Amino acid sequence: MLGRTISALLPVVLFLCVPMAHAQAGPVDGEHEVQIWTGGGHGTNGSQASDGVWNVGLRYGLILTEPHGPSFLRGRLEYAIEAVPAFLVFQKQNTAYGVGVNPFAFKWVFDTHGSVVPYFEIGGGTLLTNTQVPAGTSRINFTSGGAIGLHFLRSKRNFSTEVRYMHISNAGLTTLNPGINTVQLRLGFGWFTQKE
């Protein structure tokens, strides 16, 4: 049901955001990105395919470089950290409540001159939950993943939408380590600080 809801909402969000997008200067080197985001999705394989996730987080990023790279790959590198104060894992046996921190995320923001800016990202972190995730394993897990997305720039703020793949596992802390692979939709609201 969560997957169907996300599939139904994505076109609506894109439809509403694109007309509102007005040209913002966009991300430039030395700027900071601040964002509030939420995401949710579903397991994709194996014994954990029926598991679902939902999370909320805060992001702080720094644009590290000026644009570089060949033609259509030309872009800027951003480094970011995220705090995840709410992370829910919906399992057959129970619902796990947790918190996380993602100490590294590297985002490649393509150098476009319009109000829609594509990007891709890789990153990872730690997830601590009140019960074992998956059941029978560990309450301490690690996350890794990647995403592709779009920033919709407005005059002062921006919206983003992305599709994210996330792997959750205990990295061998326990003998049993089936992991959970999820595909998620993430929506964000934030801004890039403007250089003086």
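For clarity, every value in this text was computed on a predicted model and none was experimentally measured.
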CA sep, side-chain torsions, deciding dist, call: K107, E162, salt bridge (Lys or Arg N to Asp or Glu O under 4.0 Å): CA-CA 12 Å; K107 181 191 285 188; E162 67 184 38; 5.7 Å; no
ILVMFWY network linking I36 to V101, side-chain heavy atoms under 4.5 angstrom: no
Aromatic plane relationship, F106 with F104 - under 30° parallel, 30 to 60° tilted, over 60° perpendicular: tilted
Within the 6.0 Å centroid threshold, strictly below: F159 and F189: yes
Any donor-acceptor N or O pair under 3.5 Å, side chains W37, S160: no
ILVMFWY network linking F142 to I168, side-chain heavy atoms under 4.5 angstrom: no
Test item: Q132 and Q91 side chains (from C-beta on) under 4.5 Å apart, heavy atoms: no
SB check E66 R74 (cutoff 4.0 Å): no
Ring geometry between F110 and F120 (parallel below 30°, tilted from 30 to 60°, perpendicular above 60°): tilted
Y60/H32 aromatic ring centres below 6.0 Å: yes
Check: H151 ring centre within less than 6.0 Å of F192 ring centre: yes
Close side-chain approach of N141 to T126, heavy-atom, < 4.5 Å: no
Path from L128 to L173 over hydrophobic side-chain contacts below 4.5 Å: yes
Single-linkage hydrophobic cluster V56~Y97, side-chain heavy atoms < 4.5 angstrom: yes
Partners passing side chain to side chain contact (heavy atoms under 4.5 Å, CB included) against T44 (at least two apart in sequence or in another chain): N181, V183
Interatomic spacing from CD1 in I180 to NE2 in H42 - rounded to 0.5 Å: 11.0 Å
Contact summary for P118 and T112, nearest pair of heavy atoms: CD-CG2, 3.8 Å
Check ion pair E33-R157 (N to O, under 4.0 angstrom): no
